[in-house]
Amino acid sequence: MSSELLLDEALLFIRANQEQLRLVDVREYGGEFTAAEIDFASYRCPAVFVTVLGSRPAGNDSKRLTGRNARLARMAAFVATKGMTRDKRMREGLSVAERLAMALHDWKPGTVPDKEPLVELGALEDEPAIENLYGRAVDKEGQALWLLTWQQAYRPLRPLPQLARLTRIDIVDHTRQGLVPAPPPAAPPGSPGTLRVTEEVRFETLPPAPPL
């Protein structure tokens, strides 16, 4: 759950700065984006694919977050660019990757206003590393591919059993033939910590009983 939230927030941040970063397409991806994936993904360049490569206990390695249940996620963003010449698309990919690296380094994930945070997200541990993934297969497609990788810490702010309860809803219906129980009173709008679930149960009219 925590790494999913980190991925969501990273995508929101990049999309919010998409015009400034001169990106056309920003999306999440299931794993490493390689030359073999180009024929199976429809996108417009310059494009960025963001993913989580894994995570491990933070221990004392994090500069941002420590303590029980704190973890370090390995994040990645793959930058794909097109160009008429190899040099042109290489330079454009490098430019996009460096702009994105600087933007991410200054990013400080926050919490959603008016909501009690469930997970604390740390800023990046260091500026993202940038790598040129040039290869004949990528070049053959008229594209350049660059990779940004970084580490980012996160930590649940509630015990794990409570987090599990907050992500599950159990509904039990008690009905009696021909009768619909009155619904319970609704919680006032904006009540803190209230999860509102609405369910409607309809009963068809019973046919008349046959004469005795």
Side-chain angles (χ1 to χ4, degrees), residues 1-55 64-65 71-113 115 117-135 137-155 167:
M1 172 180 177
S2 302
S3 55
E4 289 181 75
L5 178 60
L6 182 57
L7 176 61
D8 290 341
E9 292 299 311
L11 286 165
L12 284 172
F13 172 76
I14 296 173
R15 285 170 177 155
N17 294 276
Q18 187 168 336
E19 183 176 353
Q20 181 181 353
L21 294 168
R22 302 173 198 169
L23 295 170
V24 177
D25 214 342
V26 179
R27 62 180 69 181
E28 66 181 88
Y29 204 72
E32 296 187 19
F33 189 88
T34 64
E37 305 296 311
I38 292 177
D39 289 338
F40 299 95
S42 176
Y43 57 92
R44 294 180 298 160
C45 292
V48 170
F49 302 90
V50 186
T51 191
V52 180
L53 296 178
S55 68
R64 310 295 185 182
L65 298 176
R71 297 187 65 84
L72 273 173
R74 290 192 300 120
M75 305 290 294
F78 296 85
V79 176
T81 57
K82 279 187 176 181
M84 294 299 296
T85 66
R86 182 181 303 162
D87 292 344
K88 182 177 180 180
R89 52 184 176 261
M90 181 276 293
R91 286 178 176 271
E92 184 182 12
L94 175 60
S95 178
V96 172
E98 287 187 335
R99 286 196 300 270
L100 180 56
M102 288 186 284
L104 286 169
H105 187 250
D106 295 334
W107 172 45
K108 294 179 176 58
T111 55
V112 180
K115 288 189 178 181
L118 304 179
V119 179
E120 183 178 5
L121 303 178
L124 275 68
E125 297 290 314
D126 293 294
E127 189 168 332
I130 302 175
E131 182 181 355
N132 186 348
L133 299 182
Y134 169 83
V138 175
D139 191 64
K140 185 179 179 181
E141 299 294 334
Q143 297 189 28
L145 192 59
W146 289 79
L147 169 63
L148 289 82
T149 54
W150 69 92
Q151 292 192 98
Q152 205 164 350
Y154 59 88
R155 177 177 58 196
T167 57

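Side chains included, hydrogens not; waters and symmetry mates left out as well; all remaining heavy atoms used.
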Quiz item: When rounded to the nearest 0.5 angstrom, what is the spacing between CZ in Arg27 and CD1 in Ile14?
Solution: 13.5 Å
Quiz item: side-chain contact (heavy atoms from CB on, under 4.5 Å) between Asp39 and Glu141: does it pass, once the steps are laid out?
Solution: CA-CA 9 Å; Asp39 289 338; Glu141 299 294 334; 3.7 Å; yes
Quiz item: Step by step, would you call Asp25 with Phe49 a side-chain contact (heavy atoms from CB on, under 4.5 Å)?
Solution: CA-CA 8 Å; Asp25 214 342; Phe49 302 90; over 6 Å; no
Quiz prompt | Backbone of Glu120 reached by a side-chain donor or acceptor of Arg155 within 3.5 Å | solution = no
Quiz item: Can you tell me how far the CG atom of Leu6 sits from the CE atom of Met75, to the nearest 0.5 Å?
Solution: 4.5 Å
Exercise. Working to the nearest 0.5 Å, report the span between CZ of Arg91 and OG1 of Thr81.
Key: 12.5 Å
Quiz prompt | Heavy-atom closest contact (Leu147 atom, Ala76 atom, distance) | solution = CD1-CB, 4.0 Å
Quiz item: Which pair of non-hydrogen atoms, one from Leu145 and one from Asn132, has the smallest distance, and what is that distance?
Solution: O-OD1, 3.7 Å
Quiz prompt | Sidechain-backbone polar pair: Gln152 side chain, Gly122 backbone, donor-acceptor under 3.5 Å | solution = yes
Quiz item: Taking it one step at a time, do Leu23 and Val96 satisfy side-chain contact (heavy atoms from CB on, under 4.5 Å)?
Solution: CA-CA 8 Å; Leu23 295 170; Val96 172; 3.5 Å; yes
Quiz item: Between the side chain of Glu131 and the main-chain N/O of Trp146, is any donor-acceptor distance below 3.5 Å?
Solution: no
Practice problem: Taking the six-membered ring for Trp and the full ring for Phe, Tyr or His, determine whether the centres of Tyr43 and Tyr29 are under 6.0 Å apart. | Solution: no
Practice problem: Quick one: closest heavy-atom pair of Phe78 and Glu32, and the distance? | Solution: CZ-CA, 3.6 Å
Quiz item: Hey, does the side chain of Arg71 reach the backbone of Ser55 with a donor-acceptor pair shorter than 3.5 angstrom?
Solution: yes
Quiz item: Just wondering, do Glu9 and Tyr154 contact through their side chains at under 4.5 Å, heavy atoms?
Solution: no
Quiz item: Hey, does Pro46 have a side-chain heavy atom less than 4.5 Å from the side chain of Arg22?
Solution: no
Quiz item: Out of curiosity, Leu118 CG to Leu5 CG, how far, rounded to the nearest 0.5 Å?
Solution: 8.5 Å
Quiz prompt | Beyond-backbone contact of Leu133 with Val138, side-chain heavy atoms, under 4.5 angstrom | solution = no
Practice problem: Give the C-alpha distance, both sets of side-chain angles, the deciding distance and a yes or no for side-chain contact (heavy atoms from CB on, under 4.5 Å) between Glu127 and Met102. | Solution: CA-CA 7 Å; Glu127 189 168 332; Met102 288 186 284; 4.2 Å; yes
Quiz item: Which atom pair, heavy atoms only, marks the closest approach of Val48 to Ala77?
Solution: CG1-CB, 4.0 Å
Quiz item: Arg89 side chain to Ala144 main-chain N or O, any donor-acceptor pair under 3.5 Å?
Solution: no
Practice problem: Please name the pair of heavy atoms, one in Ala80 and one in Gln143, separated by the smallest distance, quoted to 0.1 Å. | Solution: CB-OE1, 3.9 Å
Quiz item: Side chain of Arg86, backbone of Asp139: donor and acceptor closer than 3.5 Å?
Solution: no
Exercise. Can you see which heavy atom on Pro128 is nearest to which on Ala101, and at what distance?
Key: CD-O, 3.6 Å
Quiz item: Is there a donor-acceptor contact under 3.5 Å linking the side chains of Ser95 and Arg99?
Solution: yes
Practice problem: Output the distance between atom CG (Leu100) and atom CZ (Phe13), rounded to the nearest 0.5 Å. | Solution: 8.0 Å
Quiz item: Measuring from Leu121:CG to Ser3:OG, what's the distance to the nearest 0.5 Å?
Solution: 10.5 Å
Quiz item: Are Leu11 and Val26 side-chain neighbours, meaning at least one heavy-atom pair lies under 4.5 Å?
Solution: yes
Practice problem: Scan Leu12, Val50, Thr51 and name whichever one has a side-chain contact (heavy atoms from CB on, under 4.5 Å) with Leu7. | Solution: Val50
